[in-house]
> 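Mind looking over this structure? Questions follow.
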Amino acid sequence: MERKHHGHPHSLTDISHMLSPFARWLVIGTLAVTAVAVTIGMIVLWPSDSEHPVPTQFRSADGGSIETVDGEVVDQFRASCLNPAAGSVLETADIPINPVADGPCILNAVRFDSGEVAGRYTVLEIPTKGAQSGAAPGTEGVPTPGSLDEPQAGQPTLHVGDAIRLSTVPGPDGNRYTFFDFQRGTATIIWAILFIAAIVLVAAWRGFRSIIGLAFAFIVLGGFTLPAILDGSSPVAVAVVSSAVILFVVLYLAHGISLRTSSALLGTLVSLLMAGLLSWLTIETMNLTGLSGDQTTNLQVYQGNISVSGLLLAGFIIGTLGVLNDVTITQASAAFELAAAGEPTRLATFRAAMRVGRDHIASTVYTLVFAYAGSALPLMLLFSVARQPLGGLLTTDVVAVELARSFVGGIAIALSVPLTTAIAAALCRPAGAPSPAVAHAAT
């Protein structure tokens, strides 16, 4: 009976027990080496304080950055276009312009709320579609006369009470002012507070830590990633180092320092490298240029030292960061919870967690594809109006880039699930596995 008890089943128990310490030290050692490599990479790639040229769309008439002031629309009326008072600084709200009921331009009296001109006024002239067509509202033969009252394409729709920003345009007769953008500070703060409140209300302290991690991620992107790329460093190297730094801090901050978090972190890092390789392959095989966007073209003109293809690849890598993090932490948690709930072996834990992972893959892929498709929706509408064939639409550079992001993200998600699940299953201790003290006594 004693011989039978120490046979093959007991050997499997010993192997299962030995696997966890080996896997634990392997994961810890790998993460430690990665952390050192990432730190060195960040030091090497750290940006300098060199100046960069300001692109035309953000440049004032004197060559510097655009200066803006705050204002509020206090009155609105219709009048003729090309009014000399438009953009000039006025001492009172009494605009020296005769209103015209069906005038082709919308004139907005704006009170300055900041800068040297605070308390004074100006006029913003917004041409309507009627001015563009040379017709007035109610012209005979126009099928939709009401549309002629709307601002021309690219012009803002303003209302009395709107808080706006105006850009300063230096001139020989003093500064003039034009519409720059709406003020969104208050609304942004309110929505940010609601976002934080919802996360903290549901996820409590862990949700608050995740918000801190998110703020850290933006600090890394704004303080290191963007300046380093502008400084001429490899966008791919910067993206990989930035993503790794964010992952180390965000995961441990939000989920605590544990083997569960470490398994998710290692799975995410490896999956991120695979996503980088897949991104490079898609860019090469699909001949993606990234030049279809105006922003990329402008960047290439004013920052010629930046590799556009490298920038596109870096965008792919950073774009997969969030979704990979979501999948890997879910898989690691599923594996550890299933092991604690009674799965007898690590193999059983792996199989059970993979059933959860398959459902997660199916739902996440939908999320990923539709998120990228939504960003290309305006272009698809333009192609639809132009009656371009579907095949031609899908193979244009801007749509192909979004498709490639979906392909890379989907493949990376699919590969990250079994990888992270295997790491977590090796680290956890199933219900059927003896504790280290018991296993040592049995030997």
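Note that the numbering runs from 1 along the sequence shown for the chain. In what follows, every heavy atom counts, from backbone to side chain, and hydrogens, waters and symmetry copies are set aside.
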> Between the main-chain N or O of Glu67 and the side-chain N or O of Thr168, is there a donor-acceptor pair closer than 3.5 Å?
yes

> Would you say the side-chain atoms of Glu125 pair up with the backbone N or O of Leu107, donor to acceptor, closer than 3.5 Å?
no

> Between the main-chain N or O of Ile106 and the side-chain N or O of Gln76, is there a donor-acceptor pair closer than 3.5 Å?
no

> Please report the shortest heavy-atom distance between Gly223 and Pro227, naming the atom on each side.
O-CG, 3.7 Å

> Whether the side chain of Ser416 engages the backbone of Ile413 through a donor-acceptor N/O pair (distance < 3.5 Å, no angle test) should be reported.
yes

> Show the numbers, then the answer: is there a side-chain contact (heavy atoms from CB on, under 4.5 Å) between Phe407 and Leu278?
CA-CA 9 Å; Phe407 298 152; Leu278 291 169; over 6 Å; no

> Ignoring hydrogens and geometry, is there a side-chain-to-backbone donor-acceptor pair from Glu72 to Asp113 under 3.5 Å?
no

> Check Ser279 against Leu313 and note the closest heavy-atom contact, atom names and distance.
CB-CD1, 3.1 Å

> Run Val245 and Phe216 through side-chain contact (heavy atoms from CB on, under 4.5 Å) and show every step you take.
CA-CA 10 Å; Val245 170; Phe216 173 80; 3.9 Å; yes

> Return yes if some donor-acceptor pair links the side-chain N/O of Ser242 with the main-chain N/O of Ala239 below 3.5 Å, else return no.
no

> Roughly how far apart are Leu194 CG and Ile189 CD1, rounded to 0.5 Å?
12.0 Å

> Measure from the side-chain N and O atoms of Ser243 to the backbone N and O of Val240, and report whether any donor-acceptor pair falls under 3.5 Å.
no

> Indicate whether any N or O donor in one side chain lies under 3.5 Å from an N or O acceptor in the other, for Thr268 and Thr328.
yes

> Ignoring hydrogens, what is the shortest heavy-atom contact between Ile329 and Ala264? Give both atom names and the distance.
CD1-CB, 3.6 Å

> Short question: side chain of Gln183, backbone of Gly71 - any donor-acceptor pair under 3.5 Å?
yes

> Given side-chain contact (heavy atoms from CB on, under 4.5 Å), test Phe224 with Val241 step by step and report yes or no.
CA-CA 10 Å; Phe224 170 72; Val241 171; 4.1 Å; yes

> So, for Thr157 and Phe182, which heavy atoms are closest and what is the spacing to 0.1 Å?
O-CZ, 3.8 Å

> Under 30°, 30 to 60°, or over 60°: which ring-plane class applies to Trp205 and Phe208, parallel, tilted or perpendicular?
parallel

> Indicate whether any N or O donor in one side chain lies under 3.5 Å from an N or O acceptor in the other, for Ser333 and Thr330.
no

> Would you confirm whether Thr261, through its side chain, and Gly256, through its main-chain N or O, come within 3.5 Å as a donor-acceptor pair?
yes

